[in-house]
A.B. asks: 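Starting off with a structure, shown below.
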Amino acid sequence: MSSFPGRMKEYSTISIDRFDKENLHARAYFLSHCHKDHMKGLKGPLLKRKLKFCLTVRLYCSIVTKELLLSNRKYAFWEEHIVALELDSPTHISLIDEVTGESEDVVVTLLPAGHCPGSVMFLFEGAQGTVLYTGDFRLAVGDAARMEHLHSGDRVKDIKSVYLDTTFYDPRFYQIPSREACLIGIKELIQDWISQSPYHVVWLNCKAAYGYEYLFTNLGEEFASQVHVNSLDMYRKMPEILSYVTTNRATQIHACRHPKDEELFRANRLPCGCTSPDGTPLRIISIKPSTMWFGERTRKTKVIVRMGGSSYRACFSFHSSYSEIKDFLSYICPVNIYPNVIPLARTVEEVTELLKPMCRKNSGRNEVVYKPLGMLKRARTEYPSQDEEGELLNSKPSVLPARHSSGDNPPTQSCLQSDKPCSEMVTPHSHSDPPSPKKAPPTWATFFKAEPVLTDESSELDNSQSSQALSTYHTTSQSPELFDEDDESESVHMTSSQSTHISDGGTETPSQLDTVPVQAELDSAAQSSKQNKIQTNQKPENDPHRPIEKEPAVRKDQSEGTDCTEAMSDSQVSSDFDLPQTPGSKAPHNDELKELYKKLASGEEVPKTIITATTKTSLSPFLLFFQRPRMTGGKMSGSIDLH
DNA sequence: GCGATCAGCT
DNA sequence: CACAGCTGATCGC
């Protein structure tokens, strides 16, 4: 849970993710994502009153976050005061004190955070330096390198401070299986179950928070079905989610909720009360997404754990693991790091101490002095040749050429170096894209093609329709290979806020649980990405300004341990959806951007306008709900003068 | 009656 | 154990 007080040292006239107390006086507000612990005070009457008198105060957030926020009536009063910004679009904001008329300029850029739909990090650039507020994030190893706006031309930006999601910044949480690996495990479990008969249904025991949509869309795609949820209201303008969820109970995959859903489940009932039309009892299993983590040297990781009876837990994390956070930090190498979260059983002092080695002055670099722009070049790296056997490891530089869409552009040529506009070079799913799971995640096209398998007319399970699943998918019992005993002595953990009640009898103690770890065959996740024989080293030797060159094929030892390559390989593939670029989006203007950076660097004034993102009702911005970081050029949107 | 806070629980 | 958030009790305005 975030304990960030709302204000950063460098830009103290703005408030982020906190809206109470001193934050009531802020000149501008920022919301990184739509989770309640980041919205404290946001519906408070004090703030509501302030908006009536303060004409220039705005709330800045992503387009998806705006949509989610306004879908809740309690926040409807924000409607006229929200400025929704597009991702990767540097936006100039004037921070005006309405009493004194005093003004400060800042340029903010939203970076995808991979935490939940609409979640972003905020990159602020201005007179007080470049500062990154991460909000909550789940980024994979190497993702920072894909973020254009963490770079200035060929260089990694010189970042003064990072306000960091430290939820799992603790060596205990060294490794968390990638999203892809978790998804594969969940898909296998579900398939093995629902293919047995139309009466075999799955209940995804998800908590009341955004972030599980990733599961719904992928499962909907995988099983050509829709997931039953309580409400579609919040997704009404997000077709890419909407097409995979339904309020029709006649489906084999449920994520519906009820105040007493656990109790109902123990009585073999779904939260929605759905039964089969002919009275045949449903066979229900519950899958509870839970965070699981593994030690530094754990080789195999199980992403599904059977809790006994028909309860399972599936690995699922909204936050980056320790090694993912370290990778992120070592890439951007900030001067200061401030924790936003204090992990359980730790103190601020302990976390601060753990973060010290990642700060620039302790990172082994010579340069300590903060400069607005880095001086060392970020070189381009050729994408390793594709090969079925190799593993893509720590491929920070190697992911860059994924943007090349045609043979016209030599693989070593970056977007920024190209004469062509970036938009021409950014083609999703190009042949040189980074490895993707065996089944492509939902894409732009499918959002419009997807036809609901089931109609809303029926509220009961329909045999003829459900039996499609039976004929489509091979019927197996729970395949033995899934249930690989945990032969590792290495600590393996999982958690859930859920009590450990067991469905049958509930007499077991945790140690007595019929715990059947399922080998997630992370290998199978990795296999889909084993396209590179060359293992590219990912670490820039703790120097963000050091030239990024082709890395040696063999990874050098890391301080962390002896066998982190395997762990890293998993993390490496954990990137999110690879969604297509928003159709119709403008071509980036790198020249314009560079000019802006130059001005910022020299302390020159930049125009006092507020550049807002489009508020068009087009559905395309919602594609960005889980956008994988990718190198795109910046673009400036239209501008509105506040005065 | 409403908001803030906390304990308990999922 | 841990994610996010609900419900209910209590207290103060």
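Just so we're on the same page: letters track the sequence lines, and every chain starts at 1. Please read these numbers as outputs of a predicted model, since none were measured by experiment.
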A.B. asks: Below 4.5 Å, heavy atoms only, C-beta onward: do A:L69 and A:L59 meet side chain to side chain?
C.D. replies: yes

A.B. asks: Among the nucleotides C:dA4, C:dC3, C:dC6, which one has an atom lying closest to any side-chain atom of A:H35?
C.D. replies: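 The answer is C:dA4.
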
A.B. asks: Return no unless some side-chain N or O of A:K36 is found under 4.0 Å from OP1 or OP2 of C:dC6.
C.D. replies: yes

A.B. asks: Using modelled atom types and a 3.5 Å cut-off, is there a donor and acceptor pairing between side-chain atoms of A:W193 and backbone atoms of A:R283?
C.D. replies: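 The answer is yes, because a donor-acceptor pair under 3.5 Å joins these two groups.
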
A.B. asks: What nucleic acid atoms does A:Y210 come within less than 4.0 Å of, heavy atoms only: base, sugar-phosphate, or nothing?
C.D. replies: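 Since no nucleic acid heavy atom lies under 4.0 Å of A:Y210, the category is nothing.
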
A.B. asks: Just the rounded figure in Å: distance from P of C:dC1 to CE of A:M292.
C.D. replies: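 It is 11 Å, rounded to the nearest whole Å.
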
A.B. asks: Report each atom pair, protein N/O against N/O of nucleotides 6-8 of chain B, whose distance is under 3.5 angstrom.
C.D. replies:
none

A.B. asks: Of all the choices, C:dC3, C:dA4, C:dA2, which nucleotide is nearest to the side chain of A:L344 once you look at every atom?
C.D. replies: C:dA2

A.B. asks: Does A:R179 make a cation-pi contact with A:Y214 (under 6.0 Å, within 45 degrees of the axis)?
C.D. replies: yes

A.B. asks: Please write out the pairs of protein N or O atoms and N or O atoms of nucleotides 9-13 of chain C separated by less than 3.5 Å, giving the distance to one decimal.
C.D. replies:
none

A.B. asks: DNA chain C: A:F173 or A:P259, which has the more 5' nearest nucleotide?
C.D. replies: A:F173

A.B. asks: Can a salt bridge be assigned to the pair A:R138 and A:E324 using a cut-off of 4.0 Å between side-chain N and carboxylate O?
C.D. replies: yes

A.B. asks: Side chain of A:K40, heavy atoms from C-beta onward: which of B:dT5, C:dA4, C:dC6 has the nearest atom to it?
C.D. replies: B:dT5

A.B. asks: Measure CE/A:M1 against P/B:dT5 and give the value in whole Å, please.
C.D. replies: 15 Å

A.B. asks: Can you tell which of C:dC1, C:dA4, C:dC3 lies closest to the side chain of A:A209?
C.D. replies: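 Of the candidates, C:dA4 comes closest.
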
A.B. asks: Is the shortest heavy-atom distance from the side chain of A:T134 to the side chain of A:Y163 under 4.5 Å?
C.D. replies: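 No, side chains not in contact.
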
A.B. asks: Where the side chain of A:R172 is defined as all heavy atoms beyond and including C-beta, which of C:dG5, C:dA2, B:dT10 is the nearest nucleotide?
C.D. replies: C:dA2

A.B. asks: Salt bridge or not between A:R146 and A:D143? Use side-chain N to carboxylate O under 4.0 Å.
C.D. replies: yes

A.B. asks: What is the distance from CG of A:N205 to P of C:dG5, rounded to the nearest Å?
C.D. replies: 15 Å

A.B. asks: I want to check one thing: is the phosphate of C:dA4, taken as OP1 and OP2, less than 4.0 Å away from some side-chain N or O of A:H319?
C.D. replies: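 So the side chain of A:H319 is within the cut-off, an N or O lying under 4.0 Å from OP1 or OP2 of C:dA4.
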
A.B. asks: Does the distance from a Lys or Arg side-chain N to an Asp or Glu carboxylate O, for A:R266 and A:E263, drop under 4.0 Å?
C.D. replies: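 Result for this pair is no, no salt bridge flagged.
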
A.B. asks: Begin from the C-alpha positions of A:I253 and A:L204 and carry the test side chain to side chain contact (heavy atoms under 4.5 Å, CB included) through to its verdict.
C.D. replies: CA-CA 7 Å; A:I253 308 174; A:L204 301 170; 3.9 Å; yes

A.B. asks: Output the rounded distance in Å from CG (A:L42) to C1' (B:dA4).
C.D. replies: 16 Å

A.B. asks: On the nucleotide C:dC3, are OP1 or OP2 found under 4.0 Å from the side-chain N or O atoms that A:H115 carries?
C.D. replies: no

A.B. asks: Tell me, do A:Y133 and A:V120 make a side-chain contact under 4.5 Å, heavy atoms counted?
C.D. replies: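 They are not in contact (no side-chain heavy atoms under 4.5 Å apart), so the answer is no.
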
A.B. asks: In whole angstrom, give the distance that lies between atom NE2 of A:H33 and atom C1' of C:dA4.
C.D. replies: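 So the NE2-C1' distance, A:H33 to C:dA4, works out to 9 Å.
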
A.B. asks: Checking contacts here: which listed nucleotide (C:dA4, B:dT10, C:dC3) is nearest the side-chain heavy atoms of A:D261?
C.D. replies: B:dT10

A.B. asks: Can you check the A:D37 CG to C:dA2 C1' distance for me, whole Å?
C.D. replies: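 My rounded result for the distance is 14 Å.
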
A.B. asks: Tell me whether the count of non-hydrogen atoms from other residues, nucleotides or ligands lying under 6.0 Å of NZ in A:K50 goes above 12.
C.D. replies: yes

A.B. asks: How many whole angstroms separate atom CG of A:N340 from atom P of C:dA4?
C.D. replies: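 Atom-to-atom, A:N340 to C:dA4, this comes out as 12 Å.
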
A.B. asks: So if I take every side-chain heavy atom of A:T167 and compare against C:dC6, C:dC3, B:dT5, which nucleotide ends up nearest?
C.D. replies: C:dC3

A.B. asks: Given atom NZ of A:K48 and atom P of B:dC2, what is their separation to the nearest angstrom?
C.D. replies: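 In whole Å, B:dC2 P lies 13 Å from A:K48 NZ.
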
A.B. asks: Contact between A:F19 and A:Y29 at the side-chain level, heavy atoms closer than 4.5 Å - yes or no?
C.D. replies: yes

A.B. asks: Name the nucleic acid region contacted by A:D170, choosing base, sugar-phosphate or nothing; use a 4.0 angstrom heavy-atom cut-off, strictly under.
C.D. replies: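 The residue A:D170 makes no contact with any strand.
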
A.B. asks: Where the side chain of A:W293 is defined as all heavy atoms beyond and including C-beta, which of C:dA4, C:dA2, C:dC3 is the nearest nucleotide?
C.D. replies: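 Among the listed nucleotides, the one closest to the side chain of A:W293 is C:dA2.
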
